[in-house]
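What follows is a single structure, written as structure tokens, with notes after it.
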4 protein chains.
Amino acid sequence: MSASKRQQILDAALVLFVQQGLEGAATAKIAKAAGVATGTLFHHFANKQELISALYLQIKRQMADTLPPLDTDARTLEMASAIWQGAMAWALAHPDKIRFLLAYYQSPFLTAETRKTAKFETLGFVLELLQMGRKEGVIADHPDDLMMEMCHTLFMTSAAYFIDHPQLREDADHQQAAMAMFWNALAKPGHQI
Amino acid sequence: MSASKRQQILDAALVLFVQQGLEGAATAKIAKAAGVATGTLFHHFANKQELISALYLQIKRQMADTLPPLDTDARTLEMASAIWQGAMAWALAHPDKIRFLLAYYQSPFLTAETRKTAKFETLGFVLELLQMGRKEGVIADHPDDLMMEMCHTLFMTSAAYFIDHPQLREDADHQQAAMAMFWNALAKPGHQI
Amino acid sequence: MSASKRQQILDAALVLFVQQGLEGAATAKIAKAAGVATGTLFHHFANKQELISALYLQIKRQMADTLPPLDTDARTLEMASAIWQGAMAWALAHPDKIRFLLAYYQSPFLTAETRKTAKFETLGFVLELLQMGRKEGVIADHPDDLMMEMCHTLFMTSAAYFIDHPQLREDADHQQAAMAMFWNALAKPGHQI
Amino acid sequence: MSASKRQQILDAALVLFVQQGLEGAATAKIAKAAGVATGTLFHHFANKQELISALYLQIKRQMADTLPPLDTDARTLEMASAIWQGAMAWALAHPDKIRFLLAYYQSPFLTAETRKTAKFETLGFVLELLQMGRKEGVIADHPDDLMMEMCHTLFMTSAAYFIDHPQLREDADHQQAAMAMFWNALAKPGHQI
DNA sequence: AATGAATGAGAATTCATTCAT
DNA sequence: CATGAATGAATTCTCATTCAT
């Protein structure tokens, strides 16, 4: 019951944050939407900032948990493609979560701490994928951190694009173009698709 | 005098928005920082939202105005490279402006209207560049709007990266990697760098 | 406790509204006078307008509750006289409430909705009295709604008059004149006093 | 031209005051509606209060000027009826002016001074009419000031009633009822209509 | 754990009025 | 006379947070 109230609050918060912004969504509104009392929110989260951080981390973890495990025997392109498609399917099934990540990635409400935790927890596999691709000779030899930033942004932009244009979700041209641009940005010359 | 007060307000707003967030920067603080009365802010901008939109559009226009004109006789790669470098130089010279654009591109404070205006006014040249590249046979044949989104995001991410890591600005590896990923995302197979 | 804070606010509001006008009486002043925090006022009343409406309706109801019950076996003139005297006694005992009703009956701060509710809730007995008088053959046969407006205004004007001229409250001439004008306005020819 | 600007301001003020209240109608809005600059309003009226008073007095005078002159040879009932009809015709032709008088008669924005001036200037003829009626033996012998208050209020209430129910303006029953209640309130027993 | 009334600092915005042009 | 940008105090309302029940 109590765990469920915590989750009810997180669920309501997500919706309101996306609709009305981080400050537009007052804690009282969130509590009401969650069907709990104002005070209850503060039993589960020390303050609003912690609620936001908890939500951010939860979403990041949910997305990470959904991805297929890295198979180091597979070809990098195939592995990347499988992950891309898994992540995209999850993104399209949870548009509010993507919007939340996008909108508040830069917010002063999110501590550097939270951002860092999220990055390490959820972007680790990207690094492995890049290294796997270099071994295979298909991924360019650019600095890791820059490549990781690009991976992140290319995926999030694509996801946002398909969320904003739902009629294009099934469009093979667009879907394949998004993945191609992603891959080609990372690929070593001669290994484009 | 009046135009100058308006600009003073925009200048102060930029600094405070980047430092304290859109909601953390109260209109009274902005006015004070600008050296004008609170009422004056609302004389020039109907409300805070309009101030934010005006600032967003002004920055977008400033950046657009700074770029070299499109030379359709040049080779696309060279043209793209010149624009990239021009834009990057401007970005590094105006880090707050880039941070502002990045942080609030997704904010609910920015109306769809404003975003759209900004896009049309300032991303037009990207479309021309893509078409020029297709004629030359070096740019991939993906849907225009998706490619434009990617151009935008790849550039902004790179700019943010170099702003956050000032010591890498002169690093040829990183600089060249950023531009390479940008170009390769867009290029037709066989025209990577 | 909570009901009492709500009532403290209504009490303070009445005094300040009458002294300083609806707009002159700032919500902060009202809260202070009531001995509660600003926020508390808005916890009990969604906004200033609702406070005003609530106050208006409460006063109307208090006045209605104070009047003697209609005795349909009595003669109409005696019944009317009893009600008039009861209402007048209440009015003189609560001058601020009468002043408030008078001053803001026409105010744009009062919604048509509130005015209508007040009318239906508190003027119902007037209608019954008129009908009783018609059966007895002593009340004129004018349209009901017009007669009700006149009853209302004749009473309120008289009450205001005696409130503004306290020394005339005990003056039989004036008191009797007021009641006579009221009755004669309504009476059928031949039944004047 | 300048006299016309003054009148433009008064005209615009009337409309806005009735629509939005005395405080809801900002001087800047009034000036805009009048087609003049903010500063111009303050050239013609020292402050907002003076604008309101000037408007109040102007309307009162306009109404007074419209009434037929008192003919002391006529029968009082006929004279009263002629004045009532003249005043009612003017009221129905200028509903906003009546609404303004009604709504702000009690406003703290109107000084006691202004109210008094208005009363003396425009209600003098009522006193004469009452005295004429007493000579004729048709008007009751109640205290003058109370009777004058009642005359004023009975007329204003009737006017407001017909303004709020435009479809009843031509209704003989209602029109005659209003005048009858007015007259009967004042008449000596035996002279009712 | 859960509740929700109470708090009061702080936010955006308004507005009468002034004054240099 | 006319203008309208500038002023800054004042206003309504919000909101994260607390705490007695």
Side-chain angles (χ1 to χ4, degrees), chain A residues 1-6 9 22-32 34-51, chain B residues 1-6 9 23-32 34-51, chain C residues 1-6 9 23-32 35-51, chain D residues 1-6 9 23-32 34-51:
Chain A
M1 182 88 177
S2 143
S4 113
K5 293 217 171 186
R6 191 188 145 93
I9 293 168
L22 250 26
E23 313 235 8
T27 50
K29 279 191 223 164
I30 295 171
K32 194 169 193 181
V36 304
T38 355
T40 306
L41 191 153
F42 289 92
H43 267 290
H44 290 285
F45 306 95
N47 50 46
K48 193 176 182 179
Q49 217 175 124
E50 291 237 329
L51 166 62
Chain B
M1 180 91 179
S2 137
S4 117
K5 296 225 168 185
R6 191 187 145 94
I9 293 167
E23 321 236 11
T27 51
K29 282 190 221 164
I30 296 171
K32 194 168 194 181
V36 304
T38 2
T40 307
L41 191 155
F42 290 95
H43 188 72
H44 289 285
F45 306 95
N47 49 48
K48 194 175 179 178
Q49 194 154 164
E50 290 232 333
L51 166 61
Chain C
M1 179 94 180
S2 136
S4 116
K5 295 226 170 185
R6 191 188 146 94
I9 294 167
E23 321 237 9
T27 51
K29 281 190 222 164
I30 294 171
K32 195 169 193 180
V36 304
T38 1
T40 306
L41 190 154
F42 289 97
H43 188 71
H44 289 284
F45 306 95
N47 49 47
K48 194 175 179 178
Q49 192 152 169
E50 290 231 333
L51 167 61
Chain D
M1 183 85 178
S2 141
S4 114
K5 293 218 170 184
R6 190 187 146 93
I9 293 168
E23 313 235 8
T27 51
K29 279 191 220 162
I30 294 171
K32 193 170 194 181
V36 305
T38 355
T40 306
L41 191 154
F42 289 91
H43 267 291
H44 291 284
F45 306 94
N47 51 46
K48 194 176 180 177
Q49 217 176 123
E50 291 236 329
L51 166 61

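Values below: all heavy atoms of this structure, side chains included; hydrogens, waters and symmetry mates excluded. Convention: sequence-line order gives letters A, B, ...; per-chain numbering from 1. Nothing here was measured: the structure is a model prediction, and the numbers come from that model.
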Round to a whole Å and report the spacing from [atom1] of [X] to [atom2] of [N].
{"X": "C:L41", "N": "E:dG8", "atom1": "CG", "atom2": "P", "result": "14 Å"}
{"X": "B:I9", "N": "E:dA12", "atom1": "CD1", "atom2": "C1'", "result": "15 Å"}
{"X": "C:E50", "N": "F:dT12", "atom1": "CD", "atom2": "P", "result": "15 Å"}

I need the minimum non-hydrogen distance between [X] and [Y], along with the two atoms involved.
{"X": "A:A37", "Y": "A:A31", "value": "O-CB, 3.7 Å"}
{"X": "D:I9", "Y": "D:F45", "value": "CG2-CE1, 3.8 Å"}
{"X": "A:T38", "Y": "A:A28", "value": "CG2-CA, 3.8 Å"}

Q. Quick one: is A:H44 getting a side-chain N or O under 4.0 Å of the E:dA1 phosphate, OP1 or OP2?
A.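 No, outside the criterion.
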Q | Phosphate OP1/OP2 of F:dT7 contacted by B:K32 side-chain N/O (<4.0 Å) | A |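 So the side chain of B:K32 is outside the cut-off, no N or O lying under 4.0 Å from OP1 or OP2 of F:dT7.
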Q) A:K29: what forms a side chain to side chain donor-acceptor pair (under 3.5 Å) with it, not counting sequence neighbours? A)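 Side chain to side chain donor-acceptor pair (under 3.5 Å) check on A:K29 returns A:Q20.
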Q) In chain order, what residues pass the side chain to side chain contact (heavy atoms under 4.5 Å, CB included) check against C:A25, with sequence neighbours excluded? A)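 Result, side chain to side chain contact (heavy atoms under 4.5 Å, CB included) vs C:A25: C:L16, C:F17, C:I30.
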(Q) The criterion is side chain to side chain contact (heavy atoms under 4.5 Å, CB included); which residues satisfy it with C:T27, sequence neighbours excluded? (A)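 If we apply the side chain to side chain contact (heavy atoms under 4.5 Å, CB included) test to C:T27, skipping adjacent residues, the hits are C:L41, C:F42, C:K48.
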Q. Stems in DNA chain F: runs of 3 or more consecutive Watson-Crick or G-U pairs, distances under 3.5 Å?
A.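 Stem list for DNA chain F: E:2-21 with F:2-21.
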Q) When rounded to the nearest 0.5 angstrom, what is the spacing between OG1 in D:T40 and CZ in D:R6? A)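 Between atom OG1 of D:T40 and atom CZ of D:R6 there are 13.5 Å.
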Q. How does each nucleotide of nucleotides 13-21 of chain E score, in 5' to 3' order, for protein heavy atoms under 4.0 Å: base (B), sugar-phosphate only (S), or none (-)?
A. BBSBBB---
Q: Please tell me which of the listed nucleotides, E:dG8, F:dA6, E:dT3, lies nearest to the side chain of A:A37?
A: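 That would be E:dT3.
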